[in-house]
Every structure is written in C-alpha cells, then in structure tokens.
Amino acid sequence: MNPACTGSECRGCGGRYSLDETTGPCPDCGHPLSIVYDYDRIDGERFGRGERDDSLAHFDALLPISVRDLTPLRVGHTPLYALGEVDGVRLFIKDESGQPSGSLKDRASLLALAVSRSRGATRVALASTGNAAASTACLGASMGIPTATFIPRDAPPAKLAQARCFGASVFRVDGSYDDAVHSCRIVCAHMGWTDRTTAVNPFTREGKKTVAFEIAEQLPSIPDWVIVPTGDGNISSAVFKGFDELRRIGRIDRIPRIAVAQASGSAAITDAVQRTRRGEGGELRSCLGQTRADSIAVETPADGALAVQAVLRSDGDAIAVHDDAILSAMASAARRWGLFTEPAGAVSLAALHALCARGTIRPGESVVCLLTGSGLKDGSAALAYTAEPTELPAGVLSPALLAKIASP
Ligand SMILES: *Cc1c(COP(=O)(O)O)cnc(C)c1O
Ligand SMILES: [Zn+2]
C-alpha cells in the first residue's frame, strides 16, 4: 500500500477509517467512503514526472496501491483532442472510447482489482448491466482474476456480450438493479469476494480521478470547465477529487468548474444542485431513471452527495438535456469529428450547447468534454438516428437509379 495513503473518511457522518477497514460504504451511516492521503508527503513537483510510463502507475504517488505491472493492457493515457472553436468556446475532447473495454470504467476496475488482489480475494463481483461489468470482466481476464456480475431481471442482453465473452460468471437476479446490488453484497460477504459495485467500492473513484490527472498533464493550462456525463455521480466526484488533489500537492493553483451533465429522465443530481442553489435543501430524491443513454440511467445516484459537492465546491453547474439532444450530439460528433460514442458519452456535448446557449459558459472559455464510452457499445442507437441505406437491385443499374445515386 502507499504509505502516504492514510485511510478513508465519510462525508456523511465524519467517520474515519484505516485503509484495512476501508472495504465498502461507511459501516456507521452507509455513505460512500472517500480515500484520503497525507498530501504534505507527496512531492507536487515530481508527481507524474518520473520516467515515461504507459500505465496508470505513472500516478502511483496519489493512488492507494501501486498499479505497476498488473496487466499488459493499456489503461488510461487516452487522447485529448483539440477541436478548435465550437459554440464560441475552445473545445477539447477527452476520448475514453479506446480503453481496453471501451469505456472510462477501466480506470476504476483496475484500481478495484489491484486492491482486491493485494487483499487475497478469490473473485471480484459487481452489480451492473453495462460498462462496469464489461470492464471488470475484461481487466479481470487480463490479470487472471475471476469475476462475477449480478444483473437485474430486465437487463438488456446486448450489454452483456462483452462480460460473458471475457468469462465473467453471470447471475440473473429476479428483481431490480437495487435487488442485484443487494444479492451481490450478500454473496460477497459470504464468499469473501470483493464487491466492486460503483460507489460501494471506495476505490472506483481513485481510479476514475486519473482522468483529471491526465487532462492537467495534456493541457498547457487548467481548463475553465470540465463537462462530465453523469449517472451515479462517481466520475463527477472523481474528476473534482483529482483536480483538488493536484491543487493540494501544489501542482496546480485552480480547479476547473465541473459541469454535471445528465439526461432529463435521469437527473437526480441536477435536481439536487438546483434545489440547493434556490435554498430549498439539497437532499437527493430518486427519479425515474429513464433515458436512451442507458449508461447514465440511474434512479438513486450512489455517489450523488459527493457529485453535488463537486459542483458546488468548484463553482460549477449541473444540467439535464433531452434524449433528442443527446442523440443528435452523438450523430454530430461522428459526422463532424469522426468520433463514435455511445449516447451516454455524447451527453457532455449536448450539455455544452445548452450551457453556452444559457450563457453559463462564456465565449472564449476553454472546455473539456469527457467522451466516456465507445459507439460500438450501442450500435442500435446509431442505427436509429441515421438514414436507412438506399436499396439497390443486384446487377445492372438503370439510368434512373444512377441519377438517384448521383444526387442523394
Ligand atoms: C458509467 C458511465 C457514465 C456515468 O458514470 P457515473 O459514475 O455513474 O456518473 C457515463 N458514461 C459512460 C459511458 C459510463 O459507462
Ligand atoms: Zn458515515
């Protein structure tokens, strides 16, 4: 373990725990735990500046455990594309679609698997229907660690293809996602497995924060905004934590404003932020959790409280956009820049347009949009939003058809 990592704290009740005691949510109040470091012991000048390194071990000084030589797969080190002026702002896209399993979740899985291995667990399990399951199974396969996923009754089968192909054991729970979370917890406690369910496992945030470290390295100056596609709120809280830690170790002197981007049918965090700002109390209320962007369809955000804090403490914002705007942003990213993302990944771009139109993001500001997952994850969304092919007969083409092809 990293000697500068001193354990964890609970923002719900103020409890503090040693690293050994940090295995799940707060035992006293059930809130997600946050890993803490003795920041004075970390050399801000040297952080991330050692010999070039293709793995997240580059950031070992601010991780709970070293991730050196754990997997031959390349996790992280994703490209940051400068796309010039869009909507009057300087736009950058942090493209996570090229991760080993095709989404940002690989950063989280690597850390959860690393800690699990150091503790001798025989298997890593989680409740998920989508990217987290695919990611855990993928990196587990590469590290020789068996994995299991608990899926709810109505899980879309296409989302499981990766997890099954990577060899995860799949258990279908006859109930909702919350029921699957519950079954996973019981089985893990009984079997001594590690529970990697998002925000239940305190180490997922530690992995996801590395995306902030990379953005800080890749840009000559800290951007004004980072826009984060958000469901449970774990990426949003992680992006804030990453920049905040860079500030604490003296590496940067200001934190970008975090914009939480949600779908309007699944906007519990946005709703809580807006109520807080109106002085109406910021407790999280469950919502329907319905959107075509299934990776961010969440009824009760597991890391919602810390995501709300990320917005408030960074003086950021939260916004909900309709599915139509999300799908249209997805199609336009592909046509305009050759970037193929699943619907959830395009929420940041749809939110960018809305925040610029509203005047929240101002002309000339620099903005990083996270593109969190690959378009190959959800081919049906792309097909539904693009033109049908033009039908042609086999064989000789008539002059009328050739004329039609010439002017589509
Ligand atoms: C999981 C996921 C998100 C949202 O992350 P949260 O931590 O649940 O807010 C966004 N986009 C993609 C592609 C994801 O897989
Ligand atoms: Zn607590």
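Every heavy atom of this structure was used, including side-chain atoms; hydrogens, water molecules and symmetry mates were not. Each ligand, and each atom within it, is numbered from 1 in the order the structure gives.
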Next on the checklist: For E217, is there an ion pair with R49 - N to carboxylate O distance below 4.0 angstrom?
Outcome noted: no
Checklist entry - Who are the residue neighbours of ligand 1 when the rule is a heavy atom under 4.0 Å from any of its atoms? => result K105, N131, K208, P229, T230, G231, D232, G233, N234, I235, S295, I296, E342, A344, T372, G373
Name the atoms and distances for all side-chain donor-acceptor pairs under 3.5 Å in residues 257-264, with sequence neighbours left out.
{"unit_1": "R257", "atom_1": "NE", "unit_2": "D315", "atom_2": "O", "d": "2.7"}
{"unit_1": "R257", "atom_1": "NH2", "unit_2": "D315", "atom_2": "O", "d": "3.1"}
{"unit_1": "Q262", "atom_1": "OE1", "unit_2": "I269", "atom_2": "N", "d": "3.2"}
{"unit_1": "Q262", "atom_1": "OE1", "unit_2": "T270", "atom_2": "N", "d": "2.8"}
{"unit_1": "Q262", "atom_1": "OE1", "unit_2": "T270", "atom_2": "OG1", "d": "2.8"}
{"unit_1": "Q262", "atom_1": "NE2", "unit_2": "T230", "atom_2": "O", "d": "3.3"}
{"unit_1": "Q262", "atom_1": "NE2", "unit_2": "S266", "atom_2": "O", "d": "3.2"}
{"unit_1": "S264", "atom_1": "OG", "unit_2": "H322", "atom_2": "ND1", "d": "3.0"}

Checklist entry - What protein N/O/S atoms lie closer than 2.8 Å to the Zn ion (ligand 2)? => result C10 SG, C13 SG, C26 SG, C29 SG
Item to check | Summary of ring-ring contact (aromatic ring centres under 6.0 Å, His included) pairs that have at least one residue in residues 208-261, sequence neighbours excluded | outcome: F47-F213, F59-F213
Item to check | Crowding at CZ, R74 (>12 non-hydrogen neighbours, <6.0 Å) | outcome: yes
Next on the checklist: Can you confirm whether more than 12 heavy atoms, excluding those of H182, are under 6.0 Å from its NE2 atom?
Outcome noted: no
Next on the checklist: Between R251 and E45 (salt bridge meaning N to carboxylate O under 4.0 Å), is one present in this structure?
Outcome noted: no
Checklist entry - Does a donor on one side chain and an acceptor on the other come within less than 3.5 Å for R119 and T23? => result no
Checklist entry - Any side-chain donor-acceptor pair under 3.5 Å between N201 and T204? => result no
Item to check | Residues R247, D244: salt bridge by 4.0 Å N-O rule | outcome: yes
